[in-house]
Amino acid sequence: MVDGSMDSQVLAAEKNANAVAKKRWNAIHRDYERARIQYDDWLETFEDAIDDCRTPIIDLGCGSGNDTLYLIERGKRVIACDFAQNAVRNILRNFPEVEKAVCLDMTEGLPFENDLTDLIICDLSLHYFTERRTLLILDEIKRVLRSNGLLLFRVNSVRDVNHGAGKGRAVEHHLYETDDGGYKRFFDAHDIEKFWGDWDQVYLQEETMHRYELDKILWKGAVRVREEPGRQG
C-alpha cells in the first residue's frame with residue numbers, strides 16, 4: 001500500500017514537471033527566425049559519421065533548430081522533433097527543407113518504426129527526466145536506431161554550476177526540481193556509465209560550451225547500439 005502510494009506520488013510529480021516543461025519551452029520558442037539561429041561546432045567531432053549517414057537523421061529535442069541548421073547546410077535529410085508545439089511550428093516555417101517535423105513527448109515513446117535510422121542527435125534534451133524515464137527513452141532510441149547505429153548527445157555535467165548544478169530540491173541522485181517545478185539532471189562519470197554502460201562507447205568527453213552568456217560544462221558523447229544476435233540493420 002505504501003509503495004503504491006509512493007508510485008502515485010512519483011507519477012504525479014513527473015506529470016507536473018512535464019507540464020511545467022511544456023509551458024516553459026513553448027514560451028521560449030514563441031517566435032524564432034532562421035536568421036537568429038546559430039550553432040556551435042560540437043558536431044564537427046562527428047563529421048565523418050554525419051557525412052556517411054544515408055538515412056534521415058533524427059534531431060530529438062531540436063529546439064530552435066541549431067543542429068537542424070547544421071545538418072541541412074551539409075545536405076542531410078532531417079527529422080526534427082520537439083516537445084514544444086511552438087518549436088515545431090518554427091521549424092516548419094524556418095526550414096522547409098526538413099523531411100519532417102514532429103511534436104512528441106519522449107516519455108510516451110518515439111512515434112517511429114524499428115531500425116529507422118543510423119543516427120540520432122540528442123543535444124541537451126536528455127537531462128530532464130527521472131532515472132526510470134531516462135532509461136526508457138534510451139531503450140526507445142535503441143529501438144529506432146539500426147544495428148550499430150549511433151547516438152550523439154550532450155548532457156549537463158555536475159560541474160555546470162552556471163546553469164543550476166546542485167541547486168533546487170533533490171528528487172533523485174543528481175536530479176533536481178527547479179524553481180518553477182520542472183526537473184533538471186546533472187551527470188558525473190558514474191551516471192554516464194549507469195545510463196550508457198550497455199552501449200559501445202565511441203567518444204566521451206567533459207567539455208565547456210561557450211554559446212551562452214555564461215560558460216556551460218557538459219558531457220559530449222557518441223555511443224553505438226551494441227550488435228545483438230539476429231538483429232537486422
Side-chain angles (χ1 to χ4, degrees), residues 21 25 39-50 52-53 55-71 76 78-83 87 102 104-107 109-110 112 116-160 163-165 174-175 183-212 216-226:
W25 291 116
Y39 52 77
D40 56 340
D41 62 359
W42 81 282
L43 287 175
E44 291 182 6
T45 304
F46 315 111
E47 185 177 14
D48 289 345
I50 291 170
D52 290 343
C53 184
T55 62
I57 298 172
I58 297 177
D59 185 2
L60 194 53
C62 61
S64 59
N66 307 75
D67 297 324
T68 293
L69 177 60
Y70 179 95
L71 296 168
K76 308 314 293 184
V78 182
I79 299 174
C81 309
D82 203 87
F83 185 38
V102 181
L104 57 79
D105 182 347
M106 286 192 279
T107 68
L110 301 181
F112 303 115
L116 175 66
T117 182
D118 289 316
L119 188 58
I120 292 178
I121 294 173
C122 291
D123 188 11
L124 305 178
S125 60
L126 289 174
H127 48 223
Y128 297 107
F129 312 103
T130 62
E131 177 177 328
R132 180 182 60 153
R133 293 291 184 193
T134 304
L135 291 169
L136 288 171
I137 290 167
L138 289 173
D139 282 344
E140 275 289 274
I141 289 172
K142 279 184 182 178
R143 180 185 64 77
V144 175
L145 280 171
R146 294 181 174 186
S147 181
N148 211 37
L150 192 66
L151 168 64
L152 309 181
F153 68 91
R154 293 196 292 189
V155 291
N156 298 324
S157 165
V158 293
R159 299 197 299 119
D160 189 24
H163 297 273
H174 291 161
L175 178 69
Y183 286 170
K184 201 169 186 181
R185 178 176 293 281
F186 299 84
F187 294 74
D188 61 15
H190 295 293
D191 298 323
I192 295 293
E193 174 62 25
K194 178 196 299 180
F195 289 105
W196 286 282
D198 60 349
W199 297 64
D200 288 331
Q201 180 180 315
V202 176
Y203 179 97
L204 184 63
Q205 189 70 41
E206 196 175 25
E207 299 182 354
T208 301
M209 184 178 77
H210 305 288
R211 195 172 79 203
Y212 301 142
K216 180 175 185 60
I217 302 175
L218 46 74
W219 289 92
K220 181 169 83 173
V223 290
R224 289 194 184 279
V225 175
R226 200 163 280 167

Are any of the side-chain heavy atoms of Lys220 and Met209 separated by less than 4.5 Å?
no
Heavy-atom check, side chain of Leu175 versus side chain of Thr130, under 4.5 Å
yes
Rounded to the nearest 0.5 Å, how far apart are OG1 of Thr55 and CD1 of Ile120?
9.0 Å
Spacing of Thr134 atom OG1 and Asp139 atom CG [to the nearest 0.5 Å]:
11.0 Å
Salt-bridged, Asp198 to Lys142, with N to O below 4.0 Å?
yes
Shortest non-hydrogen contact from Ile141 to Cys122?
CD1-SG, 3.8 Å
Which heavy atom of Gly63 sits nearest a heavy atom of Ala87, and at what distance?
O-CB, 3.6 Å
When rounded to the nearest 0.5 Å, the distance separating CG of Leu145 from OG1 of Thr117 is 6.5 Å
Using the ring pair (Phe, Tyr, Trp, His ring centres under 6.0 Å) definition, which of the options Trp219, Trp196, Phe195 pairs with Phe153?
Trp196
Starting at CG of Leu138, measure out to CZ of Arg133 and round the result to the nearest 0.5 Å.
13.5 Å
Starting at CG of Leu152, measure out to CG of Asp59 and round the result to the nearest 0.5 Å.
10.5 Å
Test item: Phe112 and Ile79 side chains (from C-beta on) under 4.5 Å apart, heavy atoms:
yes
In this structure, OG of Ser125 is separated from CZ of Arg154 (nearest 0.5 Å) by 10.5 Å
Option from Arg185, Lys184, His163, His127 for which side-chain hydrogen bond (donor to acceptor under 3.5 Å, both in side chains) with Asn156 holds:
His127
Residue pair Val78 / Leu71: nearest heavy atoms and the distance that separates them
CG2-CB, 3.6 Å
Strictly by modelled atom types, are His174 and Asp191 linked by a side-chain donor-acceptor pair under 3.5 Å?
yes
CD (Glu47) with more than 12 external heavy atoms under 6.0 Å
no
May I ask you to check whether Asp123 and Trp42 show a side-chain donor-acceptor distance below 3.5 Å?
yes
